[in-house]
A.B. asks: 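Take this structure first; my questions come after.
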Amino acid sequence: MVETMTEMIRVNGMPAKATLTAGDLQWHLKGGELQCLSIESEILGISLEGREITVRAFVSGLKGLSCGEGDPGKREMKDFIMEMPTEVIADNWSERFRDCIGSLGRPKRVFIILNPFGGKRSARRIFDTKIKPLLVAANLRYTLQETEYQLHAQELTYKLDLLKYDGIVCVSGDGVFVEMVNGLLQREDWDTAIKVPLGIIPAGTGNGLSKSILDAVGEMHSIQHATFAVIRGHKRSLDVTTVSQGERKFFSILMLTWGLLADIDIESEKYRWMGSTRLDFYCFLRVMNLRKYHGHIEFVPAPGHEACGEPMKDRGNPSGEVDNSVKERNCGAEVSHSYQGPTVSFENSDWRYLDGPFVATSVVNVPWVGEDAKTAPEAKFSDGFLDLVVIKECPKSALVSILLKCKDGSYVNSPYVMYLKVKAFKLVPGNRVGDPLKGGIVDVDGEVVARGNAQEGDRMAYGPPIQLTVDRGLATVFSPR
Ligand SMILES: Nc1ncnc2c1ncn2[C@@H]1O[C@H](COP(=O)(O)OP(=O)(O)OP(=O)(O)O)[C@@H](O)[C@H]1O
């Protein structure tokens, strides 16, 4: 236990009586005004020079010093110069400060993966101007590696010497984070590798994961707030979804979507020159020329959600299109030592189903799939469930309102939206209603996984079942608290 230290000092030139406890630094200015900094939630670090200790903090600029109480709102870096009576006292105080900060278990060294081409291609500048100053102030050492090509982040985490680092952080959009998870799960030591804390600092087009992490604890979503979350080093578990089709598999963090949202996400790429209005523009276009898709979904409902869909046992499996048994793995000649997905079998579970046509189907792991898209308002980080959103028949006017209400998640209250939690899910995507030669797009974490007009490099085929299962809390992410 750290004992309290009290001293008459000057803070930013003003005489004050300062007290340092294990949890905070307080000072009474002459005239009685009390100021306070919480060591855990507001102080980045300190430096000592002669009689001067500089306390580097990340605090609310508007509301003054909160001492960790309440919602800090927008924060900024601020230095407090503490002039001590003697160098010996300054030494003692700085040692005590370092002990207090050291006892917080913050990470000491992280590996940072930066995508210079993510989002507005400004990650490098963002790093130098917004991220680095915080890391330096917190004395958090780092190794910085820029990605040079697609899947480079996956390669890096596959090979990284994890013993050297207390965490891996990406400065990118969600795509690079997903690659990091896939790289760790491809390792032979995947079971320990996946426990390494992962951080994400938003510098992409899709920044749903960082928004979800910060919003879950009431923190503002910004580059600096996400950096401070890494510095503070609290951790939380995150469900990981295994997406599989036969022997092919990979891992997802955010969402699988098929139908309207996938079409908007992927097809609007060709309007990139429009900037951020491309999504609104293409969304409008798609609603006006609404597509519906034939197909079939199956799911094992989470407790309390058993009323949705129809029981599979009453349907039988006349088309043989979905096989609900989980096959024995690694029965081929090649034995893989990477992670193969959950071993839990849903063979005897009460599967339920829905047949198309569908307007949109999404299976979501975290609340926000983009900074302004709260697609799964009830999603939890590590409940072991996926949130399933289905829209079937829906008038265009209602659809417009649904899309507008995606921003705050209230769209799930629409009578045209089916929203439930599932333990496992299968999608058998079909072709467009009225256009049997055209299929849709299956989009996982912002990337095309399968499409009607198959292209080289697509990871899965459009048509055969794609299965999703969840590993409860398999990954670990840095969180502000
Ligand atoms: N140097 C690079 N050149 C080309 N692609 C890259 C490079 N580095 C990373 N990538 C790829 O960019 C994709 C998107 O990355 P990220 O998630 O950071 O950005 P995003 O802004 O969310 O996506 P996008 O800008 O493509 O919409 C990933 O699939 C990744 O593999």
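Order of listing sets the numbers, starting from 1, for every ligand and every atom in it. What you see below is based on every heavy atom in this structure, not just the backbone, and it leaves out hydrogens, waters and symmetry mates.
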A.B. asks: Indicate yes or no: does Glu393 engage Lys292 in a salt bridge with an N to O separation below 4.0 Å.
C.D. replies: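 Yes.
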A.B. asks: Out of Arg291, Arg451, Lys438, which residue meets the salt bridge (charged side-chain N to carboxylate O under 4.0 Å, His left out) rule with Asp263?
C.D. replies: Arg291
A.B. asks: Show which side-chain atoms of residues 126-144 pair as donor or acceptor with protein atoms under 3.5 Å away, not counting sequence neighbours.
C.D. replies:
from	atom 1	to	atom 2	distance (Å)
Thr129	OG1	Arg125	O	2.8
Thr143	OG1	Arg109	NH2	3.0
Thr143	OG1	Tyr165	OH	3.4

A.B. asks: Pick out which of Leu256, Val178, Ile466 makes a side chain to side chain contact (heavy atoms under 4.5 Å, CB included) with Val444.
C.D. replies: Leu256
A.B. asks: Assess whether a salt bridge exists between Arg481 and Glu40, defined as any Lys/Arg side-chain N lying under 4.0 Å from an Asp/Glu carboxylate O.
C.D. replies: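 No, this pair does not count.
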A.B. asks: Protein residues near ligand 1, heavy-atom distance below 4.0 Å?
C.D. replies: Asn115, Phe117, Gly118, Gly119, Thr147, Glu148, Tyr149, Gln150, Leu151, Ser172, Gly173, Asp174, Gly175, Val176, Glu179, Gly204, Thr205, Gly206, Arg272, Glu447
A.B. asks: Roughly how far apart are His296 NE2 and Lys426 NZ, rounded to 0.5 Å?
C.D. replies: 9.0 Å
